[in-house]
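Notes to accompany the following structure.
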Protein chains: 2
Amino acid sequence: MALDEVVALAKALSDENRIRILASLRNGERCVCQVIELLALAPSTTSKHLAILKQAGLVQSRKEGRWMHYRLTTSSGTSPAEEAIRWVIANLENDPRIVADDRQLDSILSVERAELCCRQREGRRCC
Amino acid sequence: MALDEVVALAKALSDENRIRILASLRNGERCVCQVIELLALAPSTTSKHLAILKQAGLVQSRKEGRWMHYRLTTSSGTSPAEEAIRWVIANLENDPRIVADDRQLDSILSVERAELCCRQREGRRCC
DNA sequence: CCTATATTTCGTCATATGGCGAACTATAGG
DNA sequence: CCTATAGTTCGCCATATGACGAAATATAGG
(Lines give C-alpha, C1' and ligand atoms only; values in the text may rest on other atoms or scores of the structure.)
Protein backbone atom coordinates (compact mmCIF):
# COMPACT_ATOMS: atom_id res chain seq x y z
CA MET A 1 0.00 0.00 0.00
CA ALA A 2 1.34 3.37 -1.03
CA LEU A 3 0.49 5.17 2.21
CA ASP A 4 2.54 2.69 4.21
CA GLU A 5 5.41 2.96 1.74
CA VAL A 6 5.47 6.75 1.93
CA VAL A 7 5.51 6.64 5.74
CA ALA A 8 8.16 3.92 5.81
CA LEU A 9 10.42 5.89 3.46
CA ALA A 10 9.91 9.10 5.41
CA LYS A 11 10.75 7.32 8.69
CA ALA A 12 13.93 5.94 7.15
CA LEU A 13 14.89 9.45 6.04
CA SER A 14 14.06 11.12 9.34
CA ASP A 15 17.47 10.69 10.96
CA GLU A 16 20.50 12.85 10.33
CA ASN A 17 22.95 9.95 10.38
CA ARG A 18 20.95 7.99 7.84
CA ILE A 19 20.85 11.01 5.52
CA ARG A 20 24.62 11.32 5.89
CA ILE A 21 24.93 7.65 4.94
CA LEU A 22 22.89 8.19 1.78
CA ALA A 23 25.03 11.18 0.89
CA SER A 24 28.19 9.13 1.44
CA LEU A 25 26.91 6.54 -1.03
CA ARG A 26 25.96 8.99 -3.78
CA ASN A 27 29.30 8.59 -5.57
CA GLY A 28 29.57 4.84 -5.26
CA GLU A 29 29.26 1.91 -2.90
CA ARG A 30 31.00 1.94 0.47
CA CYS A 31 32.10 -0.74 2.91
CA VAL A 32 30.42 -0.82 6.35
CA CYS A 33 33.76 -0.09 8.03
CA GLN A 34 34.06 3.08 5.95
CA VAL A 35 30.61 4.24 6.98
CA ILE A 36 31.42 3.48 10.64
CA GLU A 37 34.54 5.60 10.32
CA LEU A 38 32.68 8.47 8.69
CA LEU A 39 29.83 8.63 11.21
CA ALA A 40 32.02 7.83 14.22
CA LEU A 41 29.23 5.67 15.62
CA ALA A 42 29.40 2.21 17.16
CA PRO A 43 29.42 -0.62 14.60
CA SER A 44 26.15 -1.94 15.99
CA THR A 45 24.46 1.44 15.62
CA THR A 46 25.79 1.93 12.11
CA SER A 47 24.69 -1.56 11.11
CA LYS A 48 21.19 -0.82 12.39
CA HIS A 49 20.99 2.38 10.36
CA LEU A 50 22.07 0.51 7.24
CA ALA A 51 19.50 -2.19 7.92
CA ILE A 52 16.76 0.43 8.24
CA LEU A 53 17.76 2.03 4.93
CA LYS A 54 17.83 -1.38 3.27
CA GLN A 55 14.47 -2.38 4.73
CA ALA A 56 12.99 0.82 3.28
CA GLY A 57 14.45 -0.02 -0.13
CA LEU A 58 16.77 2.99 -0.17
CA VAL A 59 20.01 0.99 -0.35
CA GLN A 60 21.11 -2.41 -1.61
CA SER A 61 23.96 -4.53 -0.30
CA ARG A 62 26.64 -6.81 -1.66
CA LYS A 63 28.72 -9.23 0.34
CA GLU A 64 32.40 -9.70 -0.45
CA GLY A 65 33.93 -12.19 1.93
CA ARG A 66 33.87 -10.69 5.39
CA TRP A 67 33.07 -7.28 4.00
CA MET A 68 29.65 -5.89 3.25
CA HIS A 69 29.15 -3.10 0.74
CA TYR A 70 26.13 -0.82 0.52
CA ARG A 71 25.00 1.32 -2.38
CA LEU A 72 22.04 3.52 -3.28
CA THR A 73 19.17 1.54 -4.75
CA THR A 74 18.85 1.55 -8.51
CA SER A 75 15.88 -0.16 -10.10
CA SER A 76 13.31 1.30 -12.46
CA GLY A 77 14.54 4.81 -11.86
CA THR A 78 11.02 5.96 -11.03
CA SER A 79 10.29 4.01 -7.85
CA PRO A 80 9.22 5.98 -4.78
CA ALA A 81 12.53 5.11 -3.11
CA GLU A 82 14.60 6.36 -6.02
CA GLU A 83 12.55 9.55 -6.26
CA ALA A 84 13.15 10.04 -2.54
CA ILE A 85 16.89 9.54 -2.97
CA ARG A 86 16.99 12.14 -5.71
CA TRP A 87 15.04 14.59 -3.54
CA VAL A 88 17.43 14.06 -0.64
CA ILE A 89 20.63 14.38 -2.66
CA ALA A 90 19.40 17.42 -4.57
CA ASN A 91 18.62 19.23 -1.33
CA LEU A 92 21.97 18.41 0.25
CA GLU A 93 24.16 20.25 -2.22
CA ASN A 94 26.50 22.67 -0.44
CA ASP A 95 25.40 21.68 3.05
CA PRO A 96 28.49 22.32 5.19
CA ARG A 97 28.28 19.02 7.06
CA ILE A 98 27.94 17.06 3.84
CA VAL A 99 30.87 18.94 2.33
CA ALA A 100 32.90 18.08 5.42
CA ASP A 101 31.79 14.46 5.15
CA ASP A 102 32.89 14.40 1.52
CA ARG A 103 36.34 15.58 2.50
CA GLN A 104 36.62 13.08 5.30
CA LEU A 105 35.40 10.33 3.03
CA ASP A 106 38.29 11.11 0.69
CA SER A 107 40.67 10.55 3.59
CA ILE A 108 38.94 7.33 4.55
CA LEU A 109 39.04 6.02 1.01
CA SER A 110 42.75 6.73 0.81
CA VAL A 111 43.39 4.20 3.59
CA GLU A 112 43.56 0.49 2.83
CA ARG A 113 40.38 -1.16 4.04
CA ALA A 114 42.28 -3.73 6.12
CA GLU A 115 44.31 -0.93 7.70
CA LEU A 116 41.12 1.01 8.45
CA CYS A 117 39.54 -1.97 10.20
CA CYS A 118 42.77 -2.56 12.11
CA ARG A 119 42.76 0.99 13.40
CA GLN A 120 39.09 0.69 14.38
CA ARG A 121 39.85 -2.47 16.38
CA GLU A 122 42.47 -0.61 18.31
CA GLY A 123 39.96 2.12 19.12
CA ARG A 124 41.79 4.81 17.19
CA ARG A 125 39.99 7.13 14.84
CA CYS A 126 42.05 7.25 11.68
CA CYS A 127 41.09 10.67 10.25
CA MET B 1 21.13 24.24 6.60
CA ALA B 2 19.90 21.77 4.04
CA LEU B 3 20.64 18.63 6.05
CA ASP B 4 18.49 19.88 8.91
CA GLU B 5 15.73 20.85 6.52
CA VAL B 6 15.69 17.43 4.86
CA VAL B 7 15.52 15.70 8.24
CA ALA B 8 12.83 18.09 9.53
CA LEU B 9 10.70 17.50 6.43
CA ALA B 10 11.15 13.74 6.63
CA LYS B 11 10.18 13.74 10.31
CA ALA B 12 7.04 15.71 9.53
CA LEU B 13 6.16 13.18 6.83
CA SER B 14 6.87 10.11 8.95
CA ASP B 15 3.41 9.75 10.46
CA GLU B 16 0.41 8.19 8.78
CA ASN B 17 -2.05 10.74 10.11
CA ARG B 18 0.03 13.66 8.90
CA ILE B 19 0.22 12.13 5.41
CA ARG B 20 -3.56 11.72 5.48
CA ILE B 21 -3.84 15.40 6.39
CA LEU B 22 -1.67 16.42 3.43
CA ALA B 23 -3.77 14.24 1.14
CA SER B 24 -6.95 15.82 2.48
CA LEU B 25 -5.61 19.27 1.61
CA ARG B 26 -4.54 18.44 -1.93
CA ASN B 27 -7.81 19.67 -3.45
CA GLY B 28 -8.11 22.83 -1.38
CA GLU B 29 -7.90 24.26 2.10
CA ARG B 30 -9.77 22.66 4.99
CA CYS B 31 -10.97 23.86 8.36
CA VAL B 32 -9.44 22.24 11.47
CA CYS B 33 -12.83 20.85 12.49
CA GLN B 34 -13.04 19.06 9.13
CA VAL B 35 -9.62 17.50 9.61
CA ILE B 36 -10.57 16.44 13.15
CA GLU B 37 -13.66 14.76 11.76
CA LEU B 38 -11.71 12.99 9.02
CA LEU B 39 -8.98 11.60 11.24
CA ALA B 40 -11.28 10.89 14.20
CA LEU B 41 -8.55 12.08 16.55
CA ALA B 42 -8.79 14.39 19.56
CA PRO B 43 -8.75 18.09 18.67
CA SER B 44 -5.52 18.54 20.64
CA THR B 45 -3.81 15.73 18.73
CA THR B 46 -5.00 16.99 15.38
CA SER B 47 -3.89 20.51 16.21
CA LYS B 48 -0.45 19.22 17.11
CA HIS B 49 -0.15 17.37 13.80
CA LEU B 50 -1.11 20.52 11.91
CA ALA B 51 1.41 22.56 13.89
CA ILE B 52 4.15 20.05 13.01
CA LEU B 53 3.28 20.25 9.32
CA LYS B 54 3.25 24.04 9.50
CA GLN B 55 6.56 24.18 11.36
CA ALA B 56 8.10 22.05 8.61
CA GLY B 57 6.76 24.43 5.97
CA LEU B 58 4.47 21.86 4.41
CA VAL B 59 1.23 23.73 5.11
CA GLN B 60 0.16 27.32 5.60
CA SER B 61 -2.75 28.59 7.66
CA ARG B 62 -5.38 31.30 7.47
CA LYS B 63 -7.57 32.48 10.31
CA GLU B 64 -11.20 33.34 9.69
CA GLY B 65 -12.84 34.42 12.91
CA ARG B 66 -12.90 31.44 15.23
CA TRP B 67 -12.03 29.10 12.42
CA MET B 68 -8.58 28.18 11.21
CA HIS B 69 -7.96 26.93 7.68
CA TYR B 70 -4.92 24.98 6.52
CA ARG B 71 -3.69 24.49 2.99
CA LEU B 72 -0.67 22.94 1.25
CA THR B 73 2.24 25.34 1.02
CA THR B 74 2.68 27.16 -2.27
CA SER B 75 5.71 29.37 -2.74
CA SER B 76 8.37 29.19 -5.43
CA GLY B 77 7.14 25.84 -6.64
CA THR B 78 10.63 24.39 -6.33
CA SER B 79 11.22 24.58 -2.58
CA PRO B 80 12.20 21.35 -0.78
CA ALA B 81 8.81 21.34 0.98
CA GLU B 82 6.88 21.68 -2.26
CA GLU B 83 8.95 18.97 -3.91
CA ALA B 84 8.23 16.76 -0.93
CA ILE B 85 4.50 17.46 -1.18
CA ARG B 86 4.51 16.49 -4.84
CA TRP B 87 6.41 13.28 -4.03
CA VAL B 88 3.91 12.36 -1.33
CA ILE B 89 0.79 13.10 -3.36
CA ALA B 90 2.12 11.33 -6.45
CA ASN B 91 2.78 8.18 -4.44
CA LEU B 92 -0.61 8.17 -2.79
CA GLU B 93 -2.68 7.75 -5.91
CA ASN B 94 -5.10 4.83 -5.58
CA ASP B 95 -4.15 4.01 -2.02
CA PRO B 96 -7.31 2.46 -0.56
CA ARG B 97 -7.18 4.46 2.68
CA ILE B 98 -6.75 7.71 0.80
CA VAL B 99 -9.60 6.82 -1.53
CA ALA B 100 -11.75 6.11 1.54
CA ASP B 101 -10.66 9.41 3.07
CA ASP B 102 -11.61 11.22 -0.12
CA ARG B 103 -15.10 9.74 0.06
CA GLN B 104 -15.49 10.62 3.69
CA LEU B 105 -14.21 14.12 3.07
CA ASP B 106 -17.01 14.57 0.52
CA SER B 107 -19.49 13.71 3.26
CA ILE B 108 -17.82 16.06 5.70
CA LEU B 109 -17.80 18.93 3.21
CA SER B 110 -21.50 18.42 2.57
CA VAL B 111 -22.27 19.31 6.19
CA GLU B 112 -22.41 22.95 7.30
CA ARG B 113 -19.30 23.77 9.24
CA ALA B 114 -21.29 25.05 12.24
CA GLU B 115 -23.38 21.87 12.22
CA LEU B 116 -20.19 19.78 12.06
CA CYS B 117 -18.69 21.53 15.07
CA CYS B 118 -21.99 21.18 16.93
CA ARG B 119 -22.02 17.43 16.36
CA GLN B 120 -18.40 17.19 17.48
CA ARG B 121 -19.24 19.02 20.73
CA GLU B 122 -21.93 16.47 21.42
CA GLY B 123 -19.46 13.68 20.90
CA ARG B 124 -21.19 12.22 17.87
CA ARG B 125 -19.28 11.28 14.78
CA CYS B 126 -21.22 12.71 11.88
CA CYS B 127 -20.17 10.43 8.98
C1' DC C 1 39.28 -27.35 11.97
C1' DC C 2 40.84 -23.29 14.80
C1' DT C 3 41.49 -18.61 15.25
C1' DA C 4 40.82 -13.95 14.07
C1' DT C 5 37.70 -10.61 12.56
C1' DA C 6 33.85 -7.87 9.88
C1' DT C 7 29.25 -7.44 10.61
C1' DT C 8 24.80 -8.30 12.79
C1' DT C 9 21.67 -9.34 16.59
C1' DC C 10 20.30 -8.79 21.31
C1' DG C 11 19.56 -6.51 25.78
C1' DT C 12 19.39 -2.25 28.04
C1' DC C 13 18.93 2.60 28.76
C1' DA C 14 17.67 7.54 27.88
C1' DT C 15 15.06 10.35 25.09
C1' DA C 16 11.48 11.41 21.47
C1' DT C 17 6.89 10.81 19.79
C1' DG C 18 1.91 10.37 19.57
C1' DG C 19 -2.18 9.89 22.07
C1' DC C 20 -5.66 11.98 25.44
C1' DG C 21 -8.17 15.28 28.62
C1' DA C 22 -7.94 19.64 31.14
C1' DA C 23 -6.87 24.25 31.09
C1' DC C 24 -6.06 28.30 28.37
C1' DT C 25 -6.77 31.82 24.40
C1' DA C 26 -9.11 34.39 21.16
C1' DT C 27 -13.14 35.74 18.94
C1' DA C 28 -18.21 35.90 17.70
C1' DG C 29 -22.54 37.25 19.24
C1' DG C 30 -25.98 38.27 22.64
C1' DC D 1 -18.89 43.04 28.82
C1' DC D 2 -20.38 38.04 29.34
C1' DT D 3 -20.94 33.73 27.50
C1' DA D 4 -20.14 30.20 24.27
C1' DT D 5 -16.98 28.00 21.39
C1' DA D 6 -12.97 26.82 17.79
C1' DG D 7 -8.54 25.94 18.37
C1' DT D 8 -4.09 25.61 20.93
C1' DT D 9 -1.11 24.59 24.79
C1' DC D 10 0.07 21.85 28.75
C1' DG D 11 0.75 17.75 31.57
C1' DC D 12 0.66 13.08 31.58
C1' DC D 13 1.20 8.26 29.93
C1' DA D 14 2.49 4.36 26.75
C1' DT D 15 5.25 3.16 23.06
C1' DA D 16 8.98 3.92 19.53
C1' DT D 17 13.65 5.25 18.51
C1' DG D 18 18.63 5.69 18.71
C1' DA D 19 22.64 4.92 21.33
C1' DC D 20 25.93 1.53 23.39
C1' DG D 21 28.39 -2.92 24.71
C1' DA D 22 28.15 -7.91 24.81
C1' DA D 23 27.12 -11.92 22.45
C1' DA D 24 26.28 -14.29 18.16
C1' DT D 25 27.28 -15.21 13.14
C1' DA D 26 29.86 -15.95 9.07
C1' DT D 27 34.02 -16.16 6.61
C1' DA D 28 39.14 -15.76 5.57
C1' DG D 29 43.41 -17.76 6.47
C1' DG D 30 46.67 -20.37 9.05
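Quick note on labels: first sequence line is chain A, next is B, and so on, each numbered from 1.
B:Q34 places its CD atom 13 Å from the P atom of D:dA6, with the value rounded to the nearest Å. Here C:dT7 presents its P atom at 12 Å from CD of A:E37, a figure rounded to the nearest Å. Whole-Å rounding puts the A:W67 CH2 to C:dT8 C1' distance at 16 Å. Separating the CD atom of B:Q120 from the C1' atom of D:dT5 is a distance of 12 Å, rounded to the nearest angstrom. Rounding to whole angstrom units, CG of residue A:L41 and P of D:dT17 are separated by 18 Å. The distance between atom CG of A:L39 and atom C1' of D:dC20, rounded to the nearest whole Å, is 15 Å. The distance from atom CZ of B:R113 to atom P of C:dA28 is 11 Å, rounded to the nearest whole Å. Atom NE2 of B:H69 and atom P of D:dG7 are 8 Å apart (whole Å).
Note on B:V59 and B:W67: separate hydrophobic clusters, where clusters join Ile, Leu, Val, Met, Phe, Trp and Tyr whose side-chain heavy atoms are under 4.5 Å apart, directly or indirectly. Under a hydrophobic clustering in which Ile, Leu, Val, Met, Phe, Trp and Tyr are joined whenever their side-chain heavy atoms come within less than 4.5 Å, directly or via other members, B:I52 and A:L3 fall into different clusters.
Rounded to the nearest 0.5 angstrom, A:E112 CD and A:S110 OG are separated by 9.5 Å.
Of the residues in residues 44-66 of chain A, those placing a heavy atom less than 4.0 Å from an atom of DNA chain C are A:S44, A:S47, A:R66, in numerical order. Contacts between residues 8-26 of chain B and DNA chain C, defined by a heavy-atom separation below 4.0 Å, involve B:K11, B:D15, B:N17, B:R18, listed by number.
Listed here is the closest heavy atom pair of A:C31 and A:R113: SG-CD, 3.7 Å.
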One pair to check against salt bridge (Lys or Arg N to Asp or Glu O under 4.0 Å): B:E115 and B:R119. What are the steps and the verdict?
CA-CA 6 Å; B:E115 166 71 4; B:R119 292 187 191 178; 2.8 Å; yes
Could you walk me through whether B:D95 and B:R20 satisfy the salt bridge (Lys or Arg N to Asp or Glu O under 4.0 Å) test, starting with their C-alpha distance in whole Å, then the side-chain angles of each, then the deciding distance to 0.1 Å, before giving a yes or no?
CA-CA 11 Å; B:D95 179 275; B:R20 290 174 65 203; over 6 Å; no
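Comparing atom distances between the B:A42 side chain and each of D:dA6, C:dT7, C:dC20 picks out C:dC20 as nearest.
For B:Y70, no side-chain nitrogen or oxygen approaches OP1 or OP2 of D:dA6 to under 4.0 Å.
Of the possible polar contacts, one joining the A:Q120 side chain to the A:C33 backbone as a donor-acceptor pair under 3.5 Å is found. The main-chain N or O of B:G57 is found under 3.5 Å from a side-chain atom of B:T73 such that the two form a donor-acceptor pair.
Under the 4.5 Å side-chain criterion, counting only non-hydrogen atoms from C-beta, A:I21 is not in contact with A:N17.
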